[in-house]
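Note that the structure is a prediction, hence the values are computed from the model and not measured. Side-chain atoms are counted along with the backbone in the values below, which use heavy atoms only and exclude waters and symmetry mates.
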Amino acid sequence: MMSTPLGERVREARLAKGLTLEALAEKVESSKSYIWQIENKDVARPSAEKLQQIAKALDTTVEYLLAVEAVTQQDAADTAFFRKYQRMKPRSKERLREMLKILDDDEDD
């Protein structure tokens, strides 16, 4: 039995969030054994929809979970943040930019 990069990333993200196999399975409406298979077997191939649910439950991206090259969790968080930003209404984007400017000014002190 050998895990895949996908399985290793799912396990790593799950543990970082303090989730058990059962808790993650509940969040993605799957069985505990299915999540275990994803984490531990080379043959597990979840659907795109299931990968999206897992990524959302783990506060990461599908791209991070499937990445072939080394990708950090921080890179995935930045990508997820940017996607959320892109879906925001113009006024919300402007307010967020104002907040970032304030935070950036604080760091200059």
Just verifying a value: how many Å separate Ile35 CD1 and Lys27 NZ, rounded to the nearest 0.5 Å? 12.0 Å
Nearest heavy-atom contact between Leu24 and Ala57 is CD1-CB, 3.8 Å
For a salt bridge (Lys or Arg N to Asp or Glu O under 4.0 Å) check, start with the C-alpha distance between Arg91 and Glu94, then their side-chain angles and the critical distance, and finish with the verdict. CA-CA 5 Å; Arg91 177 67 183 131; Glu94 181 58 34; 5.8 Å; no
So does Arg95 have more than 12 non-hydrogen atoms from other groups sitting under 6.0 Å from CZ? no
All side chain to side chain donor-acceptor pair (under 3.5 Å) counterparts of Ser30, not counting sequence neighbours: Lys50
So with a 6.0 Å cut-off around CD of Glu98, is the heavy-atom count from everything else above 12? yes
Between Glu12 and Arg9, does at least one N-O distance fall below 4.0 Å, as a salt bridge requires? no
Is there a path of hydrophobic side-chain contacts, each under 4.5 Å between heavy atoms of I, L, V, M, F, W or Y residues, that connects Leu66 with Tyr64? yes
N/O donor-acceptor pair under 3.5 Å between Asn40 side chain and Trp36 backbone: yes
CG-CZ distance between Leu21 and Arg11, expressed to the nearest 0.5 angstrom: 8.5 Å
Using the rule that two of Ile, Leu, Val, Met, Phe, Trp, Tyr join whenever any of their side-chain heavy atoms come within less than 4.5 Å, decide whether Tyr85 and Met99 are in one cluster. no
Can you name the closest pair of heavy atoms from Val62 and Ala55 and give their distance? N-CB, 3.7 Å
Contacts of Ser31 meeting side chain to side chain donor-acceptor pair (under 3.5 Å) (sequence neighbours excluded), chain-then-number -> Ser33
Mark yes when over 12 heavy atoms from residues, nucleotides or ligands other than Lys93 sit less than 6.0 Å from its NZ; otherwise mark no. yes
pair Glu29-Tyr34: side-chain heavy atoms closer than 4.5 Å: no
Residue pair Thr4 / Lys41: nearest heavy atoms and the distance that separates them: CG2-O, 4.1 Å
Spacing of CG belonging to Leu19 relative to CG belonging to Leu58, to within rounding of 0.5 Å: 6.5 Å
Side chain to side chain, Leu6 and Arg45, heavy atoms closer than 4.5 Å: no
Any chain of hydrophobic side-chain contacts (each under 4.5 Å) joining Ile102 to Leu96? no
